[in-house]
Amino acid sequence: MIRVLLADDHAAVRAGMRLMLEEATDIEIVGEAADGAVAVRQASALRPDVVLMDIRMPGTDGIRATREITAAGHADVLVLTTFDLDDYLFGALRAGAAGFLLKSVEPATLIDAVRRIAAGDGILAPEVTRRLLSAFAETPAPNTAPAALDHLTGRERDVLAALGRGLSNADLAGELAITEATAKTHVSRVLAKLGCTSRVQAAILAKEAGMA
């Protein structure tokens with residue numbers, strides 16, 4: 001079972017997400033939070049596989065909550081918001097979110113996204129992908145990137161380049177002729193060496209470094 005925590009300040013929205021996700025027999029809703037601070041505490045206590053996180057919430061907002069949850073390694077975060085503003089999109093991904101979708105998403109797409117996030121993949125709403133790539137193509141690479149990349153082995157650099165091209169673990173395994181479990185291990189090592197909290201962050205770094 002994929003354990004999911006719902007974080008949104010509107011009870012009706014949480015109820016709607018619950019209804020959509022409970023259609024899947026492999027997804028279990030283990031908790032709900034009406035603000036970011038509660039989401040952080042719930043993630044620590046319940047250790048869900050995925051947190052569905054709203055951005056605009058009272059008190060601790062979704063970006064800060066995402067940063068705290070991912071930094072502690074308590075869960076992967078899929079941001080689900082009404083707003084596709086650049087500040088929210090970039091802030092969520094920089095905070096370590098593994099995915100970003102709009103609340104207008106179809107139920108089947110949301111269920112698939114939760115499954116893919118739980119499996120270690122990253123998800124971006126089609127509506128924001130082109131804008132994200134364009135923006136980061138114009139952003140200078142961070143000063144720490146070259147030093148971090150120097151610590152990667154040749155195989156790990158191949159993995160990072162594949163992440164930059166948006167490959168899933170299954171696609172990565174096929175390209176490198178390894179098992180999916182081995183691909184997941186390589187991805188985890190790359191993230192750890194680069195100090196990234198999600199494969200989306202690693203993909204952004206790969207594009208900034210001209211590797212993808």
> Cluster partners of V38, using ILVMFWY side-chain heavy atoms under 4.5 angstrom, listed by chain and number?
Replying inline: none
>> D121: which residues meet the side-chain hydrogen bond (donor to acceptor under 3.5 Å, both in side chains) condition with it, sequence neighbours left out?
In response: none
> What's the shortest heavy-atom distance between V187 and V159, and which atoms?
Replying inline: CG2-CG1, 4.0 Å
> So, for M1 and T25, which heavy atoms are closest and what is the spacing to 0.1 Å?
Replying inline: SD-O, 3.2 Å
> What residues, two or more places apart in sequence or in another chain, satisfy side-chain hydrogen bond (donor to acceptor under 3.5 Å, both in side chains) together with E28?
Replying inline: none
> How close do A75 and P48 get, heavy atom to heavy atom, and via which atoms?
Replying inline: CB-O, 3.3 Å
>> Strictly by salt bridge (Lys or Arg N to Asp or Glu O under 4.0 Å), give each pair with a member in residues 173-182 just once, sequence neighbours left out.
In response: R165-E175
> With sequence neighbours left out, what residues match R14 under side-chain hydrogen bond (donor to acceptor under 3.5 Å, both in side chains)?
Replying inline: E32
>> What's the separation between atom CZ in R157 and atom OG1 in T153, rounded to the nearest 0.5 Å?
In response: 9.5 Å
Which pairs would a plain distance check flag for residues 60-67, meaning a side-chain donor or acceptor within less than 3.5 Å of a matching protein atom at least two apart in sequence or in another chain?
unit_1, atom_1, unit_2, atom_2, d
D61, OD1, I63, N, 3.2
D61, OD1, R64, N, 2.8
R64, NE, E68, OE2, 3.1
T66, OG1, G62, O, 2.7

>> Among residues at least two apart in sequence or on other chains, which ones pass side-chain hydrogen bond (donor to acceptor under 3.5 Å, both in side chains) with K184?
In response: none
> What closest approach, in Å, do G96 and T70 show between heavy atoms, and which atom pair accounts for it?
Replying inline: O-CG2, 3.5 Å
>> Just to verify, what does D171 make a side-chain contact (heavy atoms from CB on, under 4.5 Å) with, not counting sequence neighbours?
In response: L167, S168
>> Under the rule for salt bridge (Lys or Arg N to Asp or Glu O under 4.0 Å), what residues qualify as partners of R3, not counting sequence neighbours?
In response: none
> Does E156 come within less than 4.0 Å of K193, counting only side-chain N to carboxylate O?
Replying inline: yes
> Sequence neighbours excluded, which residues qualify as side-chain contact (heavy atoms from CB on, under 4.5 Å) partners of A183?
Replying inline: L172, A173, I178
>> For the backbone of L176 and the side chain of D158, can you confirm whether one donor and one acceptor N or O come within less than 3.5 Å of each other?
In response: no
> If you group Ile, Leu, Val, Met, Phe, Trp and Tyr whenever their side-chain heavy atoms sit less than 4.5 Å apart, what else falls in with M20?
Replying inline: I2, V4, L6, V13, M17, L21, I27, I29, V50, L52, L78, L80, L101, V105, L110, I111, V114, I117, I123
>> Give me the atom names and distance for the closest heavy-atom approach of L163 to A203.
In response: O-CB, 3.2 Å
>> When you measure from the side chain of R199 to the backbone of G120, do you find a donor-acceptor pair of N or O atoms at a distance under 3.5 Å?
In response: yes
>> Within this structure, what is the CE-CG distance for the pair M53 and D76, rounded to the nearest 0.5 Å?
In response: 11.5 Å
> Which heavy atom in L160 sits nearest to a heavy atom in A206, and how many Å separate them?
Replying inline: O-CB, 3.5 Å
> What distance do T81 atom OG1 and L89 atom CG have between them, rounded to the nearest 0.5 Å?
Replying inline: 10.5 Å
>> Please check if the number of heavy atoms outside R18 that lie under 6.0 Å from its CZ is greater than 12.
In response: yes
>> Please list all pairs meeting salt bridge (Lys or Arg N to Asp or Glu O under 4.0 Å) that have one or both residues in residues 46-57, counting only residues at least two apart or in different chains.
In response: D54-K103
> Taking atom types as modelled, is there a side-chain donor on T182 or T179 under 3.5 Å from an acceptor on the other?
Replying inline: yes
> Would Y88 and V79 satisfy side chain to side chain contact (heavy atoms under 4.5 Å, CB included), going step by step from the backbone distance to the final call?
Replying inline: CA-CA 10 Å; Y88 292 161; V79 168; over 6 Å; no
> Atom CD1 in I55, atom CG in D9: separation rounded to 0.5 Å?
Replying inline: 11.5 Å
